[in-house]
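All residue numbers refer to positions in the sequence shown, counting from 1. Basis for what follows: all heavy atoms, side chains included, without hydrogens, waters or symmetry-related copies.
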Amino acid sequence: MVLALGAALGADLGGMRARAADALGLAPQLDLALTGELTQGGYARGLAPRGINALSFNGKPVPLGPDGRFLIAFDRDAVPAAVLVARLADGRSVTQSLTIAKRGWQLEYIPIGPRPGTAPNEEFARRRAGELARINAARAVDHAADGWRQKFIWPVYGRISGRFGSQRIYNGTPGSYHSGMDIATGASGTPFVAPADGVVILAAESPFSLEGRLLMIDHGMGLNSAFLHCSKLAVKEGDVVRQGQYIGNIGMTGRATGPHLHWSMKWRDSRLDASLFAGPMPRR
């Protein structure tokens with residue numbers, strides 16, 4: 001009962017402030033109760049007070065849950081300035097500026113140029129186009145999942161063999177940065193679990209050329225996880241999965257030099273650091 005009363009008071013607080021601002025002839029203030037990691041590769045969860053009809057982040061609409069809660073996230077290369085705009089029931093708009101902290105990424109400087117690659121043959125290009133089309137179609141799906149609300153867990157415990165955002169600089173020319181967290185357990189076949197609730201949006205039993213057996217989960221609100229190089233998938237497309245549920249086994253299918261689980265996360269088009277959602281890797 002105490003918790004319910006606290007929630008009700010918190011929900012009314014935004015309306016009380018707006019009414020007070022009106023009485024004093026001041027611009028309304030926006031209090032969205034943001035929590036999370038306001039940094040490159042990070043995220044924030046918030047609560048829109050009653051009286052807000054719509055919310056946008058950097059000019060794009062942000063869906064609100066039935067309780068007014070929402071999620072936003074920040075790309076690995078996000079600029080420091082971001083803007084949330086709320087549209088009130090009376091038609092006015094209120095803006096809240098955010099500062100996204102810059103991070104120092106793990107960089108490796110190579111004193112030679114990148115190795116020249118060979119142009120992909122026609123068969124590979126055709127196959128890759130089909131794979132990318134499946135990945136993009138999966139990410140366009142939006143289920144009413146609530147995993148985005150949860151505190152994420154690590155899908156498997158092991159040694160971090162590759163960190164999100166790390167990058168090689170070849171003789172001054174940046175290469176592609178690492179888009180996920182690599183977790184190595186020392187062997188292929190180690191089972192891994194769902195880091196949060198969601199719906200399976202892609203389960204590639206036939207290995208993709210780069211990702212191998214690829215598994216993707218929609219956590220709702222535009223947030224999704226991808227697991228690469230799997231040796232086995234234990235779920236299929238359309239399955240609802242729960243946090244901690246066994247969903248597959250680690251492998252080295254696709255382009256991989258050894259068995260590991262590559263876990264990457266995206267919110268819309270923003271690439272995110274999964275370790276900011278799950279916290280430090282627990283000691284075994």
Side-chain angles (χ1 to χ4, degrees), residues 30-48 52 54-65 68-87 93-107 135-136 138-143 145-155 160 162-167 174-182 195-198 201 216-228 262-281:
L30 187 59
D31 183 2
L32 296 172
L34 294 178
T35 61
E37 302 282 350
L38 273 72
T39 185
Q40 291 175 324
Y43 68 96
R45 298 185 183 99
L47 173 62
I52 291 181
L55 190 68
S56 66
F57 176 62
N58 287 344
K60 295 183 178 180
V62 174
L64 300 175
R69 298 195 177 275
F70 64 91
L71 173 76
I72 56 174
F74 322 110
D75 186 69
R76 187 260 196 191
D77 295 327
V79 298
V83 177
L84 275 165
V85 178
R87 190 175 73 245
S93 293
V94 188
T95 299
Q96 179 172 335
S97 297
L98 305 179
T99 299
I100 311 305
K102 186 177 176 61
R103 293 175 63 182
W105 303 107
Q106 178 183 326
L107 303 179
I135 292 172
N136 292 333
R139 286 204 168 109
V141 174
D142 188 13
H143 290 93
D146 281 334
W148 64 275
R149 298 174 180 265
Q150 296 175 312
K151 166 66 176 175
F152 279 54
I153 62 174
W154 285 93
I160 301 297
R163 293 192 174 275
F164 173 82
S166 60
Q167 189 175 32
S176 299
Y177 67 81
H178 193 242
S179 63
M181 297 292 292
D182 287 347
D197 293 357
I201 50 178
M216 295 176 62
I217 295 177
D218 175 17
H219 301 296
M221 288 292 188
L223 184 68
N224 57 72
S225 287
F227 306 94
L228 282 61
H262 174 107
W263 175 25
S264 62
M265 294 185 67
K266 289 189 80 173
W267 179 73
R268 298 178 173 175
D269 293 328
S270 296
R271 294 193 178 276
L272 311 178
D273 184 349
S275 69
L276 296 181
F277 285 80
M281 172 70 73

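Between the side chain of D75 and the main chain of R271, a donor-acceptor pair closer than 3.5 Å is present. For Q167 (side chain) and G175 (main-chain N/O), a donor-acceptor pair under 3.5 Å exists by modelled atom type.
More than 12 heavy atoms of other shown residues, nucleotides or ligands fall within 6.0 angstrom of atom CD in Q150. More than 12 heavy atoms of other residues, nucleotides or ligands sit less than 6.0 Å from atom NZ of K151. The neighbour count for N136 CG, taken as heavy atoms of other residues, nucleotides or ligands under 6.0 Å away, is above 12.
Residues M181 and R163 meet the side-chain proximity criterion, which asks for heavy atoms closer than 4.5 Å. Contact of the V83 side chain with the T95 side chain is registered, since non-hydrogen atoms from C-beta on lie closer than 4.5 Å. Between L223 and M265, the closest side-chain pair of non-hydrogen atoms falls below 4.5 Å. The side-chain heavy atoms of Y43 and T35, taken from C-beta on, include no pair separated by under 4.5 Å. At least one side-chain heavy atom of L34 sits under 4.5 Å from a side-chain heavy atom of L84. Counting only heavy atoms from C-beta outward, the side chains of R268 and M221 never approach each other to under 4.5 Å. Two residues are said to be in side-chain contact when any heavy atoms from C-beta on lie closer than 4.5 Å; D197 and W148 fail this criterion. W154 is listed as a side-chain neighbour of S275, based on a closest heavy-atom distance under 4.5 Å.
S264 contributes atom OG, which lies 6.0 Å from atom CG of L228 (distance to the nearest 0.5 angstrom). Note that CD of Q40 and CD1 of I100 are 9.0 Å apart. Values are rounded to the nearest 0.5 Å. How far CZ of F57 is from CG of L98: 6.0 Å, rounded to the nearest 0.5 Å.
Looking at every heavy atom in both residues, G42 comes nearest to L272 through O-CD2, 3.8 Å.
A cation-pi contact, defined as under 6.0 Å to the ring centre and within 45° of the axis, is absent between R76 and F164.
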request  = Under the salt bridge (Lys or Arg N to Asp or Glu O under 4.0 Å) rule, what do R103 and D273 come out as? Steps first, then yes or no, please.
outcome  = CA-CA 11 Å; R103 293 175 63 182; D273 184 349; 2.9 Å; yes
inquiry  = Test ring-ring contact (aromatic ring centres under 6.0 Å, His included) on H219 and H143; report intermediate values, then the result.
reply    = CA-CA 8 Å; H219 301 296; H143 290 93; over 10 Å; no
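Qualifying salt bridge (charged side-chain N to carboxylate O under 4.0 Å, His left out) partners for D182, counting only residues two or more places apart in sequence or in other chains: none.
Looking at S225 and W263, their side chains do bring a donor and an acceptor atom within 3.5 Å of each other.
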